[in-house]
Amino acid sequence: MASTKEWFETVAEAQRRAKKRLPRSVYLALVAGTEKGLTISDNVAAFDELGFRPRIADAPAERAKGTTVMGQELSMPVIISPTGVQAVYPEGEVAVARAAAGAGVAMGLSSFASRSIEDVAAVNDKTFFQMYWVGSRDQLLARAERAKAAGAKGLIMTLDWSFDSARDWDAPMIPEKVDLKAALHFAPEVLRKPRWLWDFAKSGKLPDLTTPNLAIGDEKPPTFFGAYFQWMQTPPVTWEDVAWLREQWGGPFAVKGIMHPDDARRAVDAGVTAVSVSNHGGNNLDGTPASIRALPAIVDAVGDQIEVLMDGGVRRGSDVVKALALGAKAVLIGRAYLWGMAAAGQHGVMNVLEVLRQGIDSTLLGLGKSGIDELSRDDLVIPEGFALSPKP
C-alpha cells in the first residue's frame, strides 16, 4: 500500500514525518546514539548484510505469526521496547499501550516513563514493567510490588549502561523541566512546528519530564535528570542482585542488555525467564557490534533453557524474520514506534505495527513458510564473519 496522508508504508517514512513534525531538539533526542555513532549505525546496517534463500511454488495460503513470550500470547513476535519520557505526544506511553493492545502485542513500560504503570496497565493487560538498578533494594522491591499490584505481567531488568551520552553531532539540550525559562529557550524551534505545539495546546498539558514510576508511596516523582543522577550514584548491579530481585518478583523476569554468551549463561544461573540481546539501541558503549551479530552465539549458549529476545535496528518485518531465523523468540522495537507516535500519535504506532506485521507475512510467503516456527538459519544467506564468535 502506497503512503497517503493517513498512512505511511514504511518505518523510514514514519521517521521522515516525525522529523518534519517535531521541534529539532525533540527529534534529535529520539535519534540519540553516543560518541561517533558506530553502534547505532551498525544496528541497522547489519541487517542489510543478511540475505534470504527464497522458495517458490507450494507456498502456504496462510502464515502463522503468533507466539508466546514470558507467558503472554502475542499476535506476532514484536514487543514494544521500554523507552523513557515519551514527551513527543500528549498521551505518551498510554497512546502506545493502546496501540499495542489493539495489535495484540505486549507493552514494555520504562521506569523512566512519563506515564504511570497504573495508567498503562489499565489499557494493555500485556504490560511488562522495566526497571534499572536505581536506589536501595528496599526501593527496588517497592517499585516492583507497585508494578505487580497495577497488573504488570513481567519484569524487565535493564543492566547495560555506561552513562556516556557525548555525541560527535549536535546533541540536543534537554531541560530539567518545562518552565518559563525552558519555554523561552525552545520557543524559536517550537513555533516553527505549530502542529506539534497544537497537539499539546489541545490537551491542556505541557510535555511531562517527570518519572512517576520511580516515586514510592506519596513521594513527589523525580524529574528525569533527578532520577538519572540517582541511577548514577547507585552501586553497579551484581548477578547476586539479579537473582535476589528475580526471586522476590516471583513471576516472568527478563534481563535486557546481554551481548556476551557468558552473561547469558549467568542470567540462566540467576533463574531468569528471558534475556534480550541488546546494546541499548546504540546508546551505551559505542563500538559495541550490532545486536543481531551477537544473537547467534547467545542462542547457542543458552539453548532452550530460556527465551531469547533481541532489540536494536529493527525497521521492517523482514528484519524481524531474520532475527527469528537466527534463534530469537521475538524482537523489541524502540525508535520505530516512537517515530510512528511522533508522526501520527496512537494511529501512527498502530501504523508501524501493521507495517511490521505485513512485512513478516510477506517474508514468510517468500520463504515458503507456513509460520514463524519453521524458520531456521538455513533460510538466510549469512556472510562469513557476520556473527560474533562465541569465544571472548
Side-chain angles (χ1 to χ4, degrees), residues 28-47 79-86 108-113 128 130-134 155-172 174 211 214 224-225 227-239 241-242 254-264 266-267 272 274-298 301 308-315 319 323 328 331-338 387-388 392:
L28 288 176
L30 292 190
V31 173
T34 60
E35 296 190 329
K36 195 175 180 179
L38 298 172
T39 298
I40 188 175
S41 297
D42 196 39
N43 270 351
V44 176
F47 279 102
I79 298 169
I80 295 294
S81 186
T83 61
V85 189
Q86 296 174 13
L109 180 70
S110 173
S111 56
F112 278 32
F128 301 140
Q130 177 268 352
M131 296 176 63
Y132 294 100
W133 195 262
V134 178
L155 203 64
I156 299 174
M157 196 74 200
T158 300
L159 301 186
D160 63 319
W161 194 251
S162 62
F163 301 110
D164 191 352
S165 59
R167 299 169 189 161
D168 288 359
W169 58 97
D170 189 14
I174 302 175
T211 55
L214 289 177
F224 177 83
F225 286 107
Y228 190 82
F229 180 77
Q230 184 183 6
W231 184 18
M232 292 179 69
Q233 302 306 306
T234 303
V237 64
T238 67
W239 283 112
D241 292 327
V242 173
V255 169
K256 187 172 181 288
I258 299 292
M259 286 293 291
H260 197 291
D262 287 350
D263 282 342
R266 295 296 298 271
V272 308
V275 294
S276 181
V277 182
S278 170
N279 53 39
H280 217 105
N283 291 312
N284 192 11
L285 181 63
D286 197 33
T288 302
S291 301
I292 192 74
R293 298 188 194 279
L295 177 62
I298 290 172
V308 179
L309 314 175
M310 193 224 77
D311 74 80
V314 174
R315 300 291 185 268
D319 293 342
V331 304
L332 293 90
I333 60 168
R335 289 181 181 86
Y337 78 81
L338 291 174
L388 300 183

What distance do [X] atom [atom1] and [Y] atom [atom2] have between them, rounded to the nearest 0.5 Å?
{"X": "Ser81", "Y": "Ile156", "atom1": "OG", "atom2": "CD1", "value": "7.0 Å"}
{"X": "Ile80", "Y": "Ile333", "atom1": "CD1", "atom2": "CD1", "value": "4.5 Å"}
{"X": "His280", "Y": "Thr158", "atom1": "NE2", "atom2": "OG1", "value": "6.5 Å"}
{"X": "His260", "Y": "Leu388", "atom1": "NE2", "atom2": "CG", "value": "9.5 Å"}
{"X": "Ile79", "Y": "Leu309", "atom1": "CD1", "atom2": "CG", "value": "5.0 Å"}
{"X": "Leu38", "Y": "Asp168", "atom1": "CG", "atom2": "CG", "value": "8.5 Å"}

Quiz item: Passes side chain to side chain contact (heavy atoms under 4.5 Å, CB included), Val255 versus Leu159? Steps please.
Solution: CA-CA 7 Å; Val255 169; Leu159 301 186; 3.6 Å; yes
Search all heavy atoms of [X] against all heavy atoms of [Y] and return the closest pair with its distance.
{"X": "Thr234", "Y": "Trp133", "value": "CG2-O, 3.4 Å"}
{"X": "Tyr132", "Y": "Ser110", "value": "CE1-OG, 4.4 Å"}
{"X": "Lys256", "Y": "Asp160", "value": "O-OD1, 3.7 Å"}
{"X": "Leu295", "Y": "Ala323", "value": "CD2-O, 3.4 Å"}
{"X": "Gly281", "Y": "Ser278", "value": "N-OG, 4.4 Å"}
{"X": "Ile292", "Y": "Ala46", "value": "CG2-CB, 3.5 Å"}

Quiz item: Would a 4.5 Å heavy-atom cut-off, applied to side chains only, mark Asn279 and Asn284 as touching?
Solution: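 In short, these two side chains do not touch, never coming nearer than 4.5 Å.
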Quiz item: Are side-chain heavy atoms of Pro289 and Asp42 found at a separation under 4.5 Å?
Solution: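 Side chain of Pro289 against side chain of Asp42, heavy atoms only: contact under 4.5 Å found.
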Are the side chain of [X] and the backbone of [Y] linked by a donor-acceptor contact shorter than 3.5 Å?
{"X": "Asn43", "Y": "Ser291", "value": "yes"}
{"X": "Thr211", "Y": "Ala113", "value": "no"}
{"X": "Arg335", "Y": "Val31", "value": "yes"}
{"X": "Asn283", "Y": "Gly33", "value": "yes"}

Practice problem: Take Leu332 and Ser276 through the test side chain to side chain contact (heavy atoms under 4.5 Å, CB included) and record every step on the way to the result. | Solution: CA-CA 8 Å; Leu332 293 90; Ser276 181; 3.6 Å; yes
Exercise. May I ask you to check whether Thr238 and Asp241 show a side-chain donor-acceptor distance below 3.5 Å?
Key: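 Yes, because at least one side-chain N or O of Thr238 sits under 3.5 Å from a partner of the opposite role on Asp241.
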Exercise. Kindly determine whether Met259 and Thr288 satisfy side chain to side chain contact (heavy atoms under 4.5 Å, CB included), including the steps that lead there.
Key: CA-CA 9 Å; Met259 286 293 291; Thr288 302; 3.6 Å; yes
Self-check item: Stepwise side chain to side chain contact (heavy atoms under 4.5 Å, CB included) check, Arg266 with Val242
Solution: CA-CA 10 Å; Arg266 295 296 298 271; Val242 173; over 6 Å; no
Exercise. Would you please name every residue forming a side-chain contact (heavy atoms from CB on, under 4.5 Å) with Ala267, sequence neighbours left out?
Key: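 Counting only residues at least two positions away or on another chain, Ala267 forms a side-chain contact (heavy atoms from CB on, under 4.5 Å) with Trp239, Val272, Val275.
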